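What you see is a predicted model, and the numbers here were worked out from it, not measured in a lab.
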Amino acid sequence: MEHIVTVQEAVTAFEPWMEPTDAELDAIEAEMPVIRAEMELLDAQIIVIGRTPCELDERRIRRARRRVLAAHRDHVNGRSGRTGGAA
């Protein structure tokens, strides 16, 4: 009987190239308002999955959609996460 041995390194072995770079972390941080707004929209949509949405649910979903659009606009225009400044 032969023994089967793996020649591969452990899957969880630490490799420095597997970690996100500072630039990638900065990009994620800049996109966080968009991510939060999309999560809010998803939460509002999940609430009404098993039922007919009432007027309050419809308003909540509409507001969440507007926040997503505003967050995307701000992110594309380079204003995400910043307050104040020239208009």
*Asks:* Would I47 end up clustered with L41 when hydrophobic side chains under 4.5 Å apart are linked, directly or stepwise?
*Replies:* yes
*Asks:* Would the distance check show the side chain of N77 and the main-chain N or O of D74 forming a donor-acceptor pair, the cut-off being under 3.5 Å?
*Replies:* no
*Asks:* For A71 and P33, work out which heavy atoms get closest and say how close.
*Replies:* CB-O, 3.8 Å
*Asks:* Hydrophobic clustering (ILVMFWY, side-chain heavy atoms < 4.5 Å, transitive) - are L25 and V34 grouped together?
*Replies:* no
*Asks:* Please determine, by modelled atom types, if H72 and E31 share a side-chain donor-acceptor pair under 3.5 angstrom.
*Replies:* no
*Asks:* Above 12 or not: heavy atoms from other molecules or residues under 6.0 Å from CE of M39?
*Replies:* no
*Asks:* For residues R51 and D57, report the shortest heavy-atom separation together with the two atoms involved.
*Replies:* NH2-OD2, 2.8 Å
*Asks:* Is the shortest side-chain heavy-atom distance between R73 and L69 below 4.5 Å?
*Replies:* no
*Asks:* Going hydrophobic residue to hydrophobic residue with side-chain gaps under 4.5 angstrom, can you get from I49 over to L42?
*Replies:* yes
*Asks:* If every non-hydrogen atom of E58 is compared with every non-hydrogen atom of P53, which pair is closest and at what distance?
*Replies:* OE2-O, 3.9 Å
*Asks:* Got R62 and R67 here, is their nearest side-chain heavy-atom distance under 4.5 Å?
*Replies:* no
*Asks:* Going by an N to O cut-off under 4.0 Å, is there a salt bridge joining E55 and R59?
*Replies:* yes
*Asks:* Do R60 and D43 sit within salt-bridge range, that is, some charged N less than 4.0 Å from a carboxylate O?
*Replies:* no
